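Contents: one structure, followed by commentary.
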Amino acid sequence: MDFTITHRDPASPARAGRLYTDHGTVDTPAFMAVGTAGAVKALHVRDLRESVGSQIMLSNTYHLFLRPGVDIISRAGGLHHFNGWDKPILTDSGGYQIYSLADMRKFTDDGVVFQSHIDGSKHYFTPERAIDIQRALGADIIMAFDECTPYPCDYDYAKKSMNRTHKWLKRCMDHFAQTECQHGYTQALFPIVQGSIYPDLRKESAEYISGMNAFGNAIGGLSVGEPARMMYDMTRDVCAILPDLKPRYLMGVGTPANILESIALGVDMFDCVMPTRNGRNGMLFTSRGIINIKNEKWKDDFSPLDPVGTVFADLQYTKAFLRHLFVAKEMLAAMIATIHNLGFYIWMMREAREQIIQGTFTDWKEKMIKQFMQRR
RNA sequence: GGGGAGAUACCAGAGCGGUCAAAUGGGGCAGACUGUAAAUCUGUUGGCACAGCCUUCGAAGGUUCGAAUCCUCCUCUCCCCA
């Protein structure tokens, strides 16, 4: 695996690069579509690849562990073989579920007991186990087992949690070094910076994480409800410390504006459920702003979804028809919205990359963000 | 022809003398959603000069301090028997 920065924006820390994996190349800045259970909801891998143009997708250790189970995926030859996506995959470690399933978990001395959201059964995750599972799943990039703190989070807890994440990281790194991918290709482990919204904790965490000398590094614990300003401040502080030549991954971000601002701070990789989930709920990200396609005002708007969109569905379907599909609760509504939104996100990343290469990123970014501020 | 049941807000359907502008579903409208417990959740859904007032429960009369709820009559619907 390799990562090269090919261009730098003259007016900001933004950079364009290439991430090389055994399953192909990822141009950065990159957005990863979220396929929690091994599938991007409402989308075929063929459309993810050919229509949307994704180069990498994300899946979740916790969900795949519960269903269908690690053994099945391992016997299938790894997640790539199981779900038919032969390009790069990143798996989250289950750390986020410690946060989102907060009322169904219990910390012990060296791990976390989870209660399954599916059937209530109890399962024990440790850093070592999270690595073992991700070795068996076989994603190209795997994540350290961390705790994502909520917002707001008091200082003492943030510090305690950060220290626990650091201890877990050490165990993840050690266990990672002692094990191998089960499917014959290279995997990289990304550690995760925590520290909530406290600059000194973020600094401490970023320094600790940098010292682990991993292939790439992630920033976690943001976009959990804090003001965007805070998120940018934390991201800026952390990026200033993380190794310049290694990929930086801002986990769970975000809105188009969040992503563009974070690219400008030197982030290379993103993932977010927003284009898929919000799409299924009727929110469309278009080149002319954000729209709620379920609103009555679109009922007789026979213009294409996005006249300058890059996905076939953008010209194939009208706003009025897609609104009708949502109102009628047709499955096709979710499919069209998903392919459109992901197409938009991927287009935006390609364009951002191109603007960095051309040296015009900063001006372009400002113009784009103004467009996203407007709701139509 | 005989016997019975019923008409309530956009729809279905509770309510059966005051705490009813009227439960609950559905539908409509709007909002939320950031490493997915989410094809989900929340709000709202008679009018207005909106902590109050006005007009509503098939129509018209009546009883009562007070009626969607009781009585009379009218109109319409459905069911059973022949």
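Computed from a prediction, not measured in an experiment: that's the story for all the values here.
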Heavy atoms only, 4.0 Å cut-off, all strands: where does A:Lys329 land among base, sugar-phosphate and nothing?
sugar-phosphate
For a quick test of reading the model: is some side-chain N or O of A:Gln97 closer than 4.0 Å to OP1 or OP2 of B:G35?
no
Counting only side-chain nitrogens and oxygens, does A:Thr36 get under 4.0 Å of the OP1 or OP2 atom of B:U36?
yes
Which is true for A:Asn60 with a 4.0 Å heavy-atom rule: it touches a base, it touches only sugar-phosphate, or it touches nothing?
sugar-phosphate
So A:Asn281, base contact, sugar-phosphate only, or nothing? Heavy-atom distance under 4.0 Å.
base
Any strand: nucleotide that pairs with B:C41 via Watson-Crick or wobble, under 3.5 Å
B:G31
Checking A:Arg129 against A:Phe65: charged group under 6.0 Å from the ring centre and within 45 degrees of the axis?
no
When rounded to the nearest Å, what value does the distance between P atoms of B:C78 and B:U8 take?
14 Å
Under 4.0 angstrom, heavy atoms only, what part of the nucleic acid is A:Thr276 near: base, sugar-phosphate, or nothing?
base
Checking N1-N3 plus N6-O4 or O6-N4 for Watson-Crick, or N1-O2 and O6-N3 for wobble, each under 3.5 Å, the partner of B:G1 is B:C81
Under 4.0 Å, heavy atoms only, any strand: does A:Val224 hit a base, just the sugar-phosphate, or nothing?
nothing
Calculate the interatomic distance between A:Phe326 atom CZ and B:A39 atom P; express it in whole Å.
12 Å
Quickly work out the A:Asn258 CG to B:C33 C1' distance and round it to whole Å.
13 Å
For B:A21, the Watson-Crick or wobble counterpart (both distances under 3.5 Å):
none
Indicate, with a heavy-atom threshold strictly under 4.0 Å, whether A:Leu58 touches base, sugar-phosphate, or nothing.
sugar-phosphate
Please work out if A:Arg105 contacts a base, only the sugar-phosphate, or nothing of the nucleic acid, heavy-atom cut-off 4.0 Å.
nothing
Distance between the P atoms of B:A22 and B:U56, in whole angstroms?
16 Å
Can you check the distance between B:A7 and B:A14, where both ends of the measurement are the C1' atom (answer in whole Å)?
15 Å
Whole-Å C1' distance, B:G17 and B:G13:
22 Å
Just the rounded figure in Å: distance from P of B:U36 to NE2 of A:His117.
11 Å
In whole Å, what is the span from the CZ atom of A:Phe65 to the C1' atom of B:G35?
19 Å
Using the C1' atom on both, measure B:U72 against B:C11 and round to a whole Å.
32 Å
Check the distance between B:U40's P and A:Met274's CE and give it to me in whole angstrom.
18 Å
For A:Tyr185 and A:His23, take the angle between the two ring planes, folded into 0 to 90°, and tell me which bin it lands in: parallel under 30, tilted 30 to 60, perpendicular over 60.
perpendicular
In whole angstrom, give the distance that lies between atom CG of A:Leu64 and atom P of B:U36.
11 Å
Rounded distance (Å) that lies between atom C1' of B:A32 and atom CG of A:Asn295:
13 Å
Residue matched to B:A7 through Watson-Crick or wobble contacts both under 3.5 angstrom
B:U75
Nearest to the side chain of A:Asp103 - B:G35, B:A37, B:A39?
B:A37
Using a cut-off of 4.0 Å on non-hydrogen atoms, how would the nucleic acid contact of A:Glu330 be classed: base, sugar-phosphate, or nothing?
nothing
Any A:Asn292 side-chain nitrogen or oxygen under 4.0 Å from OP1 or OP2 of B:G31
yes
Please work out if A:Met104 contacts a base, only the sugar-phosphate, or nothing of the nucleic acid, heavy-atom cut-off 4.0 Å.
base
Which is more 5' along RNA chain B, the nucleotide nearest A:Met331 or the one nearest A:Met283? Just name the residue.
A:Met283
For the side chain of A:Asn278, starting at C-beta, report the closest nucleotide among B:C33, B:A32, B:U36.
B:C33
Parallel, tilted or perpendicular: which describes the rings of A:Phe114 and A:Tyr62, with under 30° parallel and over 60° perpendicular?
tilted
Using distance alone, with no hydrogens and no angle criterion, decide if A:Asp306 and A:Ser287 have a side-chain donor and acceptor under 3.5 Å apart.
yes
Using atom C1' of each nucleotide, how far apart are B:A68 and B:A32 to the nearest Å?
38 Å
Listed nucleotide nearest any side-chain atom of A:Leu101, set B:A37, B:U34, B:U36
B:A37
The side chain of A:Tyr96 is closest to which nucleotide in this list: B:C33, B:G31, B:U36?
B:U36
Could you label the plane-to-plane angle of the A:Tyr317 and A:Phe321 rings as parallel, tilted or perpendicular, counting under 30° as parallel and over 60° as perpendicular?
parallel
Compute whether any side-chain donor of one residue and acceptor of the other, for A:Asp271 and A:Tyr249, lie under 3.5 angstrom apart.
yes
For the pair made of CE in A:Met57 and C1' in B:G35, what is the distance, rounded to whole Å?
14 Å
Over 60° means perpendicular and under 30° means parallel, so classify the ring planes of A:Phe344 and A:Phe285, tilted if in between.
parallel
Looking across every strand, which nucleic acid part, if any, lies under 4.0 Å from A:Gly221 by heavy atom: base, sugar-phosphate, or nothing?
base
Atom P, compared across B:C50 and B:C16: separation rounded to whole Å:
34 Å
Which sits closer to the 5' end of RNA chain B, A:Gly252 or A:Arg277, going by the nucleotide each is nearest to?
A:Gly252
In one Ile/Leu/Val/Met/Phe/Trp/Tyr side-chain cluster, 4.5 Å: A:Leu250, A:Leu201
no
Of the listed nucleotides B:A37, B:C29, B:G35, the one nearest the side chain of A:Glu296:
B:C29
At under 4.0 Å, does any side-chain N or O of A:Arg323 touch on OP1 or OP2 of B:C29?
yes
A:Ser100 vs B:A37: side-chain N/O to OP1/OP2 distance below 4.0 Å
yes
Base paired to B:U55 (Watson-Crick or G-U; both N/O distances under 3.5 angstrom):
none
I want to verify a distance call: between B:A39, B:U34, B:A37, whose nearest atom is closest to the A:Lys41 side chain?
B:A39
Pairwise P distance for B:G25 and B:U44, with rounding to whole Å:
13 Å
Check whether A:Asn258 reaches the backbone of A:Thr255 with its side chain - one donor and one acceptor, N or O, closer than 3.5 Å.
yes
